[in-house]
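Scroll down for the structure; my scribbles are underneath it.
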Amino acid sequence: MTDVGDVTGFYGRRAALYDRIATAPGIERWRRAAARRTASAGDTVVEMGCGTGANLPYLRERVGSTGRVVGIDLTGPLLDRGRERAAGCANVSVVRGDATAPPVAEADAVLATFVCGLLEDPGGVVDRWCDLVGPGGRVVLLDASASDDPRGRLLNPFFRAFVAAGAPTGGLRDVLCAPFGGVSGALSRRVGAARATLTDRTAERRYGEFGLGFVGLTAGTVRDGAID
Ligand SMILES: C[S@@+](CC[C@H](N)C(=O)[O-])C[C@H]1O[C@@H](n2cnc3c(N)ncnc32)[C@H](O)[C@@H]1O
């Protein structure tokens, strides 16, 4: 699930389909909420694993003409779409790079949407993102995981099958076994590890929940080393 070749091959072959899913009606609200928690006027914001750039217009709107937005991703065909989306905005750029070792020296804020579940060591990577923005900087995560919402819980078996079908290394067997855990269990563990590190490193946290509890937003301001 986390091998870089699996990830880039999987998303690269499905760039057009992924872009349609990423910009489907309703998802805009989640993206706007994430951008609002991430960026303020004049900020330099880095989006890790920006994919086709679905968040870029909202981040650009938030930072205004004096700020800067940089999207980083490993998958060429997704980045091509991201570049098209950024075209015409001098202060928005999209670069090929590894979000686990981002090629950026400094930033005011980091956003990662639907990325942490793909990372081998999400806690360690979120730690690095917190170091990148430093004390006072913001790190915001938006991720899907199994729902705890009473209505959403009923749909968890379908969610698991959906995740298995959409996993870079998923196969038919994974999809059939999915209602009992499998890939979705790993996803929830990774998302949980990312959120735990963010909680550990930040103060002034804000949370949001969307889509019957299947999508969660966690935002925080990096602390200065002192206990929250
Ligand atoms: C599910 S897509 C999410 C894309 C985008 N953030 C969105 O919300 O539409 C996951 C993205 O993470 C990217 N990705 C996964 N691991 C990465 C890494 N180590 N460095 C950079 N990008 C990565 C993939 O290429 C893919 O574009």
Side-chain angles (χ1 to χ4, degrees), residues 1-35 37-39 45-59 69-86 92-104 107 109-129 132 139-145 159 162-170 183-184 186-187 190-191 193-194 208 210-211 214-218:
M1 183 173 176
T2 51
D3 179 81
V4 162
D6 287 339
V7 170
T8 56
F10 179 85
Y11 286 106
R13 285 190 298 276
R14 297 165 177 81
L17 171 66
Y18 184 76
D19 191 47
R20 279 200 293 279
I21 296 171
T23 55
I27 297 181
E28 174 193 339
R29 193 169 72 88
W30 313 348
R31 297 192 184 282
R32 273 194 190 281
R37 290 293 179 212
T38 307
V45 175
V46 180
E47 188 189 348
M48 305 294 184
C50 65
T52 59
N55 292 312
L56 297 178
Y58 308 115
L59 291 172
V69 181
V70 181
I72 295 175
D73 205 286
L74 280 171
T75 308
L78 297 185
L79 284 171
D80 291 342
R81 179 71 189 101
R83 281 198 189 93
E84 283 167 24
R85 215 163 242 133
V92 181
S93 51
V94 171
V95 296
R96 191 167 194 157
D98 187 347
T100 69
V104 191
V110 161
L111 171 66
T113 64
F114 308 112
V115 174
C116 290
L118 293 166
L119 303 175
E120 192 66 61
D121 175 21
V125 174
V126 170
D127 220 17
R128 254 166 268 153
W129 296 344
L132 173 68
V139 176
V140 178
L141 309 176
L142 183 75
D143 286 291
S145 61
F159 171 77
F162 175 76
V163 169
T169 57
V183 177
S184 149
L187 173 85
R190 287 171 183 189
V191 168
F210 310 97
F214 286 105
V215 175
L217 175 75
T218 313

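Counting starts at 1 for both ligands and their atoms, in listed order.
- Heavy-atom separations between T8 and ligand 1 are all 4.0 Å or longer.
- Remark: among candidates D19, L74, N55, L78, the nearest residue to atom 22 (N) of ligand 1 is L74, based on non-hydrogen atoms.
- Figure legend: R13 and Y11 shown without cation-pi pairing, the cationic atom not lying both under 6.0 angstrom from the six-membered ring centre and within 45 degrees of its axis.
- The contact set between ligand 1 and V115, taken as ligand atoms under 4.0 Å from a residue heavy atom, comprises 12 (O).
- With hydrogens left out, the protein atom closest to atom 5 (C) of ligand 1 is G49 O, 3.3 Å, a heavy atom.
- Put simply, the side chain of W129 reaches to within 4.5 Å of the side chain of L141, judged on heavy atoms.
- The minimum heavy-atom distance between P102 and I72, with the atom names listed, is CB-CD1, 4.0 Å.
- In plain terms, the two heavy atoms of A144 and V191 that are nearest each other are O-CG2, 3.7 Å.
- In the vicinity of A22, heavy-atom distances shorter than 4.0 Å reach the ligand 1 atoms 9 (O).
- Ligand 1 places these atoms under 4.0 Å from at least one heavy atom of D98: 18 (C), 19 (N), 20 (N).
- Taking a cutoff of 4.0 Å between a charged side-chain nitrogen and a carboxylate oxygen, R31 and E28 do not qualify as a salt bridge.
- Shortest contact from atom 20 (N) of ligand 1 to any protein heavy atom: A99 N, 2.8 Å.
- Residue-ligand proximity, T100 to ligand 1, at heavy-atom distances under 4.0 Å covers atoms 19 (N).
- Contacts with ligand 1 closer than 4.0 Å are made by heavy atoms of both the backbone and the side chain of D73.
- Numbered from 1 in the order shown, with element, the atoms of ligand 1 that lie under 4.0 Å from a heavy atom of T75 read 24 (C), 25 (O).
- The parts of F114 lying near ligand 1 are both backbone and side chain, judged by heavy-atom distances below 4.0 Å.
- The ligand atoms of ligand 1 that sit less than 4.0 angstrom from a heavy atom of E47 are 6 (N).
- Checking only distances, R31 does come within under 3.5 Å of ligand 1, N or O to N or O.
- In this structure, M48 falls outside the shell of residues with a heavy atom less than 4.0 angstrom from ligand 1.
- At a heavy-atom cutoff of 4.0 Å, ligand 1 is contacted by no atom of A112, backbone or side chain.
- Between G97 and ligand 1 there is a heavy-atom distance shorter than 4.0 Å.
- Comment: R96 does not engage D80 in a salt bridge, judged by the lack of any side-chain N to carboxylate O separation of less than 4.0 angstrom.
- Looking at heavy atoms from C-beta onward, R190 lies in side-chain contact with P122 at the 4.5 angstrom threshold.
- At a 4.0 Å heavy-atom cut-off, ligand 1 touches T113 through backbone and side chain alike.
- Ranking protein heavy atoms by distance to atom 15 (C) of ligand 1, first place goes to V7 CG1, 3.6 Å.
- Judged purely by distance below 3.5 Å, without hydrogens or angles, the side chains of D143 and T113 never pair a donor atom with an acceptor atom.
- The line from CG of D73 to CG of D98 is 10.0 Å long, rounded to the nearest 0.5 Å.
- Contact of the F114 side chain with the V215 side chain is registered, since non-hydrogen atoms from C-beta on lie closer than 4.5 Å.
- Taking atom 3 (C) of ligand 1 as the reference point, the nearest protein heavy-atom neighbour is Y18 OH, 3.1 Å.
- Taking the side chain as every heavy atom from C-beta outward, L111 and M48 never approach each other to under 4.5 Å.
- No side-chain heavy atom of V45 sits under 4.5 Å from any side-chain heavy atom of V110.
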